[in-house]
Amino acid sequence: MKKVNFTPQHVKKISALAQIPVTSEEENKLAAGFNKVIGVVDELFNVDVKDVVPVSQVTGLTNITRADEIDSERTFTQAEALSNAKRTHNGFFAVNQVIDKNE
Amino acid sequence: MKLNTLTLASALTLLKSKEIKLADLYSDIQKEISAKNPQLNIFLAVDELAQAKAEKNLNKPLMGLPVAVKDNFLTKDLVTTASSKVLKDFHPPYESTVTAKLKNAGVVIIGKTNMDAWAHGSSTETSDFGPTKNPRNSGYLPGGSSGGSAAAVAADMCLGAIGSETAGSTRQPSAWCGVVGFKPTYGRVSRAGVVAMGSSLDSPGPIGKTVEDCAIILNFLAGQDRYDATTSPLPVPDYTKNFTRGVKGLKIGICYTDLANLDPEVIRSVKHAGTIFGRLGAEVELIPVSEKFEKDKILDPEYAVGVYTVVQRGEVSSNLARYDGIRFGNDRSFFGDEAKRRIMLGTFTLSTGYADKYYVRAQQVRNLYIRNFQNLFEKYDLLISPTSAGFAQKLGATADNPMYGEIEDKLLEPSSLSGLTGINVPCFHDDKTNLYLGLNITGNYFNEEKVLKAAYAFEHELKINSWLKNE
């Protein structure tokens with residue numbers, strides 16, 4: 001298993017994927033930090049996991065569903081839904097422009 | 001005596017017999033909070049109307065008693081921040097199931113307690129609002145991430161508290177603060193309305209002055225919840241019915257005392273716990289550690305660090321994607337350093353080309369730990385082990401260490417990753433520093449009653465609990 005070596009370029013890519021803004025100074029620090037962490041994680045490859053199925057949950061529960069009915073105890077009024085938004089407009093959430101006006 | 005130093009159980013008895021009044025209890029509680037909270041930084045928010053609310057709940061099972069709640073549980077009437085600047089001034093429009101159940105039982109939430117931001121830590125030092133100090137010795141950390149809740153109990157600022165555990169976050173701060181911390185089986189208590197961290201791991205649970213207090217609170221928390229599809233449909237027993245039954249005939253295994261880097265007092269006090277259980281009628285054996293999966297041996301917890309690192313950060317990167325500052329909270333530039341690191345590493349280990357290598361491998365090793373415990377529980381009823389490798393550490397211990405939490409929680413990660421139940425009970429008190437060590441008792445899935453029985457018997461035999469001494 002090829003060992004990963006984090007560079008500031010790597011960190012830039014991950015920053016975009018994770019939508020976490022980082023400065024170029026932070027990129028260097030984070031790269032060093034990630035290498036340290038991956039060094040610990042790489043120990044996982046020293047364990048024999050032949051025939052071991054990966055688990056994604058520990059409860060053993062499957063297909064827990066509920067009736068397709070409106071639960072009025074859980075629905076928000078529009079005011080409740082907007083109550084913590086920093087920017088609203090006529091009862092809508094306001095977001096930064098994402099579509100170029102020329103498109 | 002100051003009424004805030006009562007246990008939850010005693011307060012209930014004395015309220016029922018009318019020997020004490022709620023007004024006097026709340027007066028003592030509020031005096032303690034005013035006097036010590038500025039220095040210890042335990043509460044981020046305190047309900048000024050708590051006493052008035054309490055009087056209205058006198059006829060309910062928990063009679064208006066004050067409980068502190070970790071600030072990752074959404075409460076409609078109190079700001080909820082998860083100790084992060086992203087959620088500063090967040091007023092939840094809905095209530096978590098745990099706090100709703102507590103309120104229905106007549107509890108009053110006295111305040112929201114400090115934690116590691118987003119529960120990413122084992123010290124409460126990575127809170128965006130300053131560290132909490134250990135009430136036993138204020139130069140030291142309380143542990144984390146439920147450090148505020150454990151400290152609130154230790155400081156007699158409440159009669160019980162709620163924490164949450166992903167990998168030691170209830171049991172470890174309970175050990176460092178010298179209180180009882182209970183981690184139920186994953187799925188026993190609803191996560192609905194808890195700020196999500198590790199969805200396959202998070203387990204809300206009670207922290208109390210005594211084992212009995214935890215059992216009382218647990219009764220009101222446990223149960224299937226239609227708002228959390230991972231909660232168990234198994235019926236909930238009355239946890240207060242059998243916890244005095246003792247450990248006669250139980251088979252108990254002592255784990256992890258042969259690992260390196262343990263404080264010598266940790267080894268001594270855990271082995272001494274084994275002796276105590278033997279004296280009480282249990283059959284006790286040492287289980288050796290093994291570096292690979294071996295029948296009747298316990299797998300070295302070293303690999304659990306890697307598993308937890310990958311699984312938790314992966315789940316965190318997904319759960320924290322919702323904080324975009326649009327519908328609630330501040331934008332992602334408000335994340336602290338630790339949160340940024342974890343989100344980014346999680347994103348990396350789940351990304352194309354790496355998920356198959358890291359995430360899948362982690363989930364395989366996780367299964368190895370699960371199988372290891374299932375093998376051991378065929379032979380043993382309970383496993384005892386050190387909760388923490390040593391005493392509480394000094395303020396500043398976490399600086400510049402990206403793996404601090406994981407390494408600190410190594411002894412608890414295997415059982416947390418497996419979803420098992422466990423409890424921390426204080427097992428040693430250092431008279432010079434006033435700090436404590438804790439014994440961890442792990443039980444198989446939904447064996448909360450067995451865990452409580454052993455913890456209670458141990459607590460009453462060892463007799464170092466300061467609250468029980470006063471009664």
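In what follows, chains are A, B, ... by sequence order, proteins preceding strands, each numbered from 1.
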So which of B:Asp202, B:Thr97, B:Asp225, B:Thr230 actually passes side chain to side chain donor-acceptor pair (under 3.5 Å) with B:Arg191? B:Thr230
Check whether B:Tyr227 forms a cation-pi arrangement with A:Arg74 (NZ or CZ under 6.0 Å from the six-membered ring centre, at most 45° off the ring normal). yes
Out of [options], which one racks up the most heavy-atom pairs below 4.5 Å with chain A?
options: B:Phe348, B:Tyr359, B:Tyr94, B:Tyr303; result: B:Phe348
options: B:Gly187, B:Pro233, B:Gly306; result: B:Gly306
options: B:Ser200, B:Gly329, B:Gly419; result: B:Gly329
options: B:Ile326, B:Val310, B:Thr309; result: B:Ile326
options: B:Leu345, B:Leu417, B:Leu420; result: B:Leu345

With a 4.5 angstrom heavy-atom cut-off, could you sort out which part of [X] is near chain A: side chain, backbone, both or neither?
X: B:Ala362; answer: both
X: B:Phe90; answer: both
X: B:Ser418; answer: backbone
X: B:Ile370; answer: side chain
X: B:Ser317; answer: neither
X: B:Asp89; answer: backbone
X: B:Ala229; answer: both
X: B:Val311; answer: neither
X: B:Ser351; answer: side chain

So which residue, [options], ends up with the most heavy-atom pairs under 4.5 Å with chain B?
options: A:Ile38, A:Leu44, A:Ile14; value: A:Leu44
options: A:Val11, A:Val53, A:Asn46, A:Thr59; value: A:Val53
options: A:Asp48, A:Ile64, A:Val55; value: A:Val55
options: A:Val22, A:Val52, A:Val40; value: A:Val52
options: A:Glu73, A:Lys86, A:Arg87, A:Gln57; value: A:Lys86
options: A:Leu30, A:Asp71, A:Thr88, A:Leu17; value: A:Asp71

Verify whether one side chain among [X] and [Y] offers a donor that lies under 3.5 Å from an acceptor in the other.
X: B:Ser199; Y: B:Asn319; value: yes
X: B:Glu95; Y: B:Thr75; value: no
X: B:Glu165; Y: B:Ser416; value: yes
X: B:Gln374; Y: B:Asn444; value: yes

Fit a plane to each ring of B:Phe373 and B:Phe377, take the angle between them on a 0 to 90° scale, and name the class: parallel (under 30°), tilted (30 to 60°) or perpendicular (over 60°). parallel
Where does the angle between the aromatic ring planes of B:Tyr323 and B:Trp118 fall among parallel (under 30°), tilted (30 to 60°) and perpendicular (over 60°)? tilted
Please flag which part of [X] lies under 4.5 Å from any non-hydrogen atom of chain B: side chain, backbone, both or neither.
X: A:Asp51; answer: backbone
X: A:Thr65; answer: neither
X: A:Val47; answer: both

Whether [Y] and [X] form a salt bridge (side-chain N of Lys/Arg under 4.0 Å from carboxylate O of Asp/Glu) is what I want to check.
X: B:Glu302; Y: B:Lys410; value: yes
X: B:Lys103; Y: B:Asp77; value: yes
X: A:Glu26; Y: A:Lys29; value: no

Under the criterion side-chain hydrogen bond (donor to acceptor under 3.5 Å, both in side chains), I'd like the reasoning laid out for B:Thr99 against B:Ser96: C-alpha separation, chi angles, the key distance, then a yes or no. CA-CA 5 Å; B:Thr99 52; B:Ser96 75; 2.7 Å; yes
Which distance, rounded to the nearest 0.5 Å, do you find between the OG1 of B:Thr185 and the CG of B:Asn447? 7.5 Å
What are the two closest non-hydrogen atoms of B:Arg322 and B:Ala196, and how far apart are they? NH2-CB, 4.3 Å
